[in-house]
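First listed ligand is number 1; within each ligand, the first listed atom is number 1.
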Amino acid sequence: MLINLWYVAEWSHVVKDKPVKAKLLGQNFVLFRDAEGKVSCLSDVCLHRGGSLAGGSVHKDCVACPYHGWRYNGQGDVTFIPSRGEAGPIPQRAKIDAYPTEERYGMIWVFLGDLPESERYPIPPFAEYGQPGWRELQGEFTWKASAARVVENGIDMAHASFVHPVFGHPSTAAKNYIESERREESWGAHTVVMHPPAFKGIVRQFIRKERQTTRVHPSYFLSGYSVRLQVDLRPGWSTIVFDANTPVDEFTTRTFAVQLRSFFRSPIFDKDSKRRLMQIFEQDAAIVEASQPNWLPETLENELSVQHDRFMSGWRATRRRHIEEFGWQIDSQALKPHEGFKTFTIPSPARRENPEIKWVLDTVPLKPATKKRRPFQETMTAAESPQVIEVGAVSA
Ligand code: FES
Ligand SMILES: [Fe+2]
């Protein structure tokens, strides 16, 4: 699990007038919406006696601990200690980690790390969201699998021929090909031409003609461990699934998905669309949850890859660089002996800005970088370098 990234903590509509608990990167956080409607995110550990702020209440722009009523504002400052009275003094150390928060695409994004704003990778773009011409629906899925594996599954198109009968068929697997590929420092995109299965049913025959190919555009973003999958069925008929895959802990992932479709936009088709979206998650989960090891291997050392896997290798290389060169990986094994005995927190930007404060909580241990940080372009091996792979038209 990596720090210094934006992650989705909750759906916007869930956080109303009460604090809400959210678990990310193995730690607990509290989300609350103040009287002005602004959402804040704090570490969910009261500095007094470790109370869970999520069990408390909201007072104007503060959340109050349910145990002895200490109040914290959105910057994590204690503003009121009831036992000291209205104007009672507040110790300088009475500050909890607070995390930058944004609402985008119906989701609450929190930046879990201490990087200054100028150094953060942005929240991934989703230009079609909220635009006319698209029908939107939300879906959510919890996996007993690591988030890195969930992302890899989301961008792996070769499995569609085997796992998702609606997208592909084993008999057409060899015909599918990668048309183009692009890799940037924190994201990658590619296009795959896929051959659909034989058509059954009037609705499907109506959507696509026999032997018509489908263009699929999967992208990954380190930010939010997000995946965007656009499927162009025929001109003007597309679906886009944008999902943020939040690492709850090393073994659990919560996926927040928004699906847009440019056809059958009447709400009467929502139920069926949602059912199909959830069915795809179920089909994927049966495979991903049974895959070993739980961790996504960072290298290809103990696996065998073929050309079709090169886009996933890009995802792995992106992660690996931020582990080996940036030192962003939480050392979960070092945390294990402390489980239940000591509370940690994710470092927040205020820690860098206020080095004079002796913070009450310790931050999670990180695996130190093992390599010198190099400019992005120099880090890629030939096998990983982005290039446009042009493959001639495949006869239908
Ligand atoms: S534990 Fe929170 S106020 Fe005492
Ligand atoms: Fe899948």
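When the Fe ion (ligand 2) is compared with the N/O/S atoms of H164, atom NE2 turns out nearest. Taking the N/O/S atoms of D284 in turn, the shortest distance to the Fe ion (ligand 2) belongs to OD1.
Between K336 and E250 there is no salt bridge, since none of the side-chain N atoms of the basic residue sits less than 4.0 Å from a carboxylate O of the acidic one. The pair R149-D284 fails the salt-bridge criterion, with no side-chain N (NZ, NE, NH1 or NH2) lying under 4.0 Å from an Asp/Glu carboxylate O. For the pair R254 and E10, the salt-bridge criterion is met [side-chain N within less than 4.0 Å of a carboxylate O].
Listed by chain and residue number, R321 satisfy the side chain to side chain donor-acceptor pair (under 3.5 Å) test with E185 (two or more places apart in sequence, or in another chain).
By the 30° and 60° cut-offs, the orientation of the rings of Y225 relative to Y7 is tilted. F281 and W143 have perpendicular rings, their planes meeting at more than 60° on a 0 to 90° scale where under 30° would count as parallel. Below 30°, between 30° and 60°, or above 60°: for F263 and W237 the angle between ring planes is below 30°, a parallel geometry.
Listed by chain and number, C46, H48, R49, G51, C65, Y67, H68, G69, W70 each place a non-hydrogen atom less than 4.0 angstrom from ligand 1.
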